[in-house]
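Down below is the structure, laid out as structure tokens.
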Amino acid sequence: MPTRLAGVSESTKLVATDPQRLLVIDGHSMAFRAFYALPAENFSTDTGQYTNAVHGFVSMLLTMIRQQKPTHVAVAFDLDTPTFRSLEYTEYKAGRNKTPEEFHGQIALIQKVMEAMNIPSISMDGFEADDIIATLAAKGEAAGLDVLVVSGDRDAFQLITEKTLVLYPKKGISDIPPMDGDAVEAKYFVRPEEYSDLAALVGETADNLPGVPGVGPKTAAKWINLYGGLPGILENIDSIKGKVGDSLREHVEDVKRNRHLNHLLRDLELPVGFEAMTLERPNREAVEELFDALQFNTLRKRLFDLFGDDPQDAAEEVAVPEHELLKDAKTLQAWFTAHGAQLLGVHAATVGGAGGTDVVGLAFASNDATAYISLEETDEATEQALAKVLSSTSYAKAVHDVKSTYKLLKNRGLELAGIVDDTMITAYLIQPDRRSHELPDIAQQHLRISLDASDAPANGQLALDFEGPDLATPAVRAAHVVRALSQHLAGMLVERGGENLLKELEMPLSLILADMEMAGIAVDTAKLDELYDDFTSTITQATAEAFEAIGHEVNLSSPKQLQVVLFEELDLPKTKKIKTGFTTDAESLADLLVKTGHPFLVALMAYRDATKLRQTVEGLRKAVAADGRIHTTYAQTVAATGRLSSLNPNLQNIPVRSEEGRRIREVFVVGEGYETLLTADYSQIEMRIMAHLSEDEALIQAYMDGEDLHRFVGSHVFGVEPEDVSSEMRSKVKAMSYGLAYGLSSFGLSKQLKISVDEARTLMKDYFSRFGAVRDYLRAVVDQARKDGYTETIFGRRRYLPELTSDNRQLRDIAERAALNAPIQGSAADIIKRAMLGVQEGLAEAKLKSRMLLQVHDELVLEVAPGELETVEKIVRERMGAAAELKVPLDVHVGIGKSWQDAGH
DNA sequence: CGAAGCGCCTT
DNA sequence: TCAAGGCGCTTCGG
């Protein structure tokens, strides 16, 4: 059923003779339609922003563009400010339900999507979207355009003409034809130009415009046709008989008001012209970024498909120079002589995918040439020639993920040096909160290049049938892209002030981390097994007791089943609400135990503790490598603040707080050939950074004097002598001090300390009255971040927080807390990273065998070679202490022991 | 089989 | 209603 607009041309290609078509969308009304059509709970990002309206809106828009093939598109939005209608009639649109919480922020997101798609969003102070639409329709017609209005507001029917149609979606976004004059007449028995008269008589509940009681569309249409519209009706008002006639006469002022208000203005001075509405290709980069954030993946594909901008198409455009195969030392040397003066992209080909540990070949890319060398069968001379170019700093190399590449090569006995860029780290410094910094993702975002492993071309000409898959081509392609990315990102990094961090901090650190990962930490596997058995027997016992207490079995690891037991069978008091019912978390269980003393709770808590510990032990057991050591992997580009993270296994969250948990630390031991483990940690580094950044004289003085900080703060807050600060007071103050850097609220503090909100508020007030500079600093950080769009650490590491200006309060609050925390956590991260460079340098200068093994945010664990303890401790203390010049000293605590537990705290 | 939800360990 | 992480288990849906 071709509509007139779509029906004009069934051909897919627009030709010049086709009439120009303008698509005008009522933004709010369509956003609401979409909002109610799609369940909000199924559309949200992991930051909690709901996106159902955005999703539905964009989906609808894409459908419209595909079906109607407009040449021009614009979206009109209402503003929150008063309009001439609400000023004239204060009840206008009153009584509407408040917009649901889930809707908040979605209009702004839709506008962002429109911006990325180069579609203008138009709104005008004092007027409604409807007026903008009416004006666009009028001007569009005058300019010779066909117009299609998409609106959920019936007032738009008055705009229908020969050249203007209205699409009025019934419910949701369905495939219905646009309304023309005949359609309006069929439904309402009046012509479009008379629809406003009809609406004035009948009234419009959505706008809070009551009509004439007793007069519905039928009666109104009858009168309109009889008397020729509202003016005729008013002229003949006295001749209308019956009850409805009386009613009309009684409410005639309402009708006049309605007619005045539902008349749409068609002569506004619009801020944009039709040129701006020309439908263009979307801004790919902006769409990618936005859809990444919104987690719109199917829409992304639909959008790019629609605009013929498929990633695969873009990929075709990348011209990778055909590679030369470097078969021997001679060709290798020749290639480097010819092309090595340029920046070289380097990429290692591995077997077994990204997790591969064996390098099978190396690809190189210069500006105009590429090369590949297979490492599967190289002779001695070639190996040496390769070793020379890899380790030579005369060849400037860019890689993506230098740590992995370095390890890969080192495992094969090859040293890598002369690295001038790691595009993974560069991309991270530019955009630290991206989810992924994998090469294909970064290439996609910045170069619009598709680099999926799956699309590794099976190009016939190079595939050697007898030698398995073509490893060279994808590797060469990657090397080429790395080089291009390196050049593309360099300017951006400089702009964002991150060049120094890259070259002087992160890249050198990468190699240190590689060494630490390769070193690993020795474990006592017998002890590990023993622990496993211990925890298992605890679990067995706790499980039996739990079943005994309720008289039947249940999966104690299933929150869902536990809810049934706790809140239905046992009918215990309800806990905090969560999505699936009521929480069964540890805190709530403890509460319930206090309230009810039910033995099931005791057993459950014991089960929880023991299973958690056994899981940790099991994870460690599985992670022990052939050398009897555990090799974690440090992720250098994950934490948005600049911290490292540790995975496979995570050695940064090994239990320490509970007695039982600490037993796990005993299995990390000094390795064969070494004398002892040494731990060194910064004491209260974040508080010290807070003192430094806030320049609070009192705090600084306390640290200069080497006071017990929490005791000192406690004495000020509670107004007692330091020696009279009770342990309770001290712990309150400690919780507060740390909480402040996280944007702690009085509510949060009250919950943590189990005190009243009032008490918490007083505590904070007293704190800030003594340490006013801290409060001033915290305020200033957020203000500055809002202005700049980013926060910065002492060493210039930036974190961009666009959500600081979001309309969505929840998102804004989250961003504000991140803004408070990022400079502090991030500066601490910078400092320990600097310390690691220093320690490494110190160890190397002293030619020691001792080595760093682990980093746990504010702590380093080293393995000390025989006879080196004294020197190592001196180096560590000096280098860690000198990692930053703050207004307060950096205190380092050192511990020695055969196990991590013995050496620690 | 992967994603979502819950829960819990660290600094 | 306190920041930054990693990970195991259950449940659910494709």
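Heavy atoms of A:Thr584 sit under 4.0 angstrom from primed sugar atoms or phosphate atoms, though from no base atom. Within 4.0 Å (heavy atoms only), A:Glu686 reaches no atom of the nucleic acid at all. Residue A:Ser646 is classed as a sugar-phosphate contact, given heavy-atom separations below 4.0 Å to backbone atoms only.
As rounded to whole Å, 12 Å separates atom C1' of C:dT1 from atom CZ of A:Arg761. Between A:Leu647 atom CG and C:dG5 atom P there is a gap of 13 Å when expressed in whole angstrom units. Between A:Gln615 atom CD and C:dC7 atom C1' the separation is 8 Å, expressed in whole Å. The interatomic distance linking A:Glu618 (CD) with B:dC9 (C1') rounds to 17 Å, in whole Å. A straight line from CZ of A:Arg665 to C1' of B:dT10 spans 8 Å, rounded to a whole angstrom. For A:Gln855 and C:dG6, the CD to C1' distance is 15 Å, given to the nearest whole Å. As a whole-Å value, the separation of A:Arg435 CZ from C:dG5 P is 12 Å. The interatomic distance linking A:Ile578 (CD1) with C:dT11 (C1') rounds to 13 Å, in whole Å.
Counting atom types as modelled, A:Lys612 pairs a side-chain N or O with a base atom of B:dC8 as donor and acceptor under 3.5 Å. Judged by distance alone, with hydrogens and angles left aside, A:Arg657 brings no side-chain donor or acceptor close enough to the base of B:dT10 to form a pair under 3.5 Å.
With 3.5 Å as the limit, one finds a donor-acceptor pair spanning the side chains of A:Gln855 and A:Gln652.
The minimum heavy-atom distance linking A:Ala822 with A:Thr641 is given by the pair CA-CG2, 4.2 Å.
Distances shorter than 4.0 Å separate some side-chain N or O of A:Asn648 from OP1 or OP2 on C:dC7. At C:dA4, none of the side-chain N or O atoms of A:Asn821 fall inside 4.0 Å of OP1 or OP2 (strictly under the cut-off).
Judged by a 6.0 Å distance limit and a 45° cone about the ring axis, A:Arg799 is not positioned over the six-membered ring of A:Tyr790.
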For residues 812-819 of chain A, tabulate all N or O donor-acceptor pairs below 3.5 Å that involve a side-chain atom, not counting sequence neighbours.
residue, atom, partner, partner atom, Å
A:Arg812, NH1, A:Ser806, O, 2.9
A:Asp813, OD2, A:Arg809, NH1, 3.3
A:Glu816, OE2, A:Arg786, NH2, 3.2

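For A:Arg797, the salt bridge (charged side-chain N to carboxylate O under 4.0 Å, His left out) partners are A:Glu506, A:Asp830, not counting sequence neighbours.
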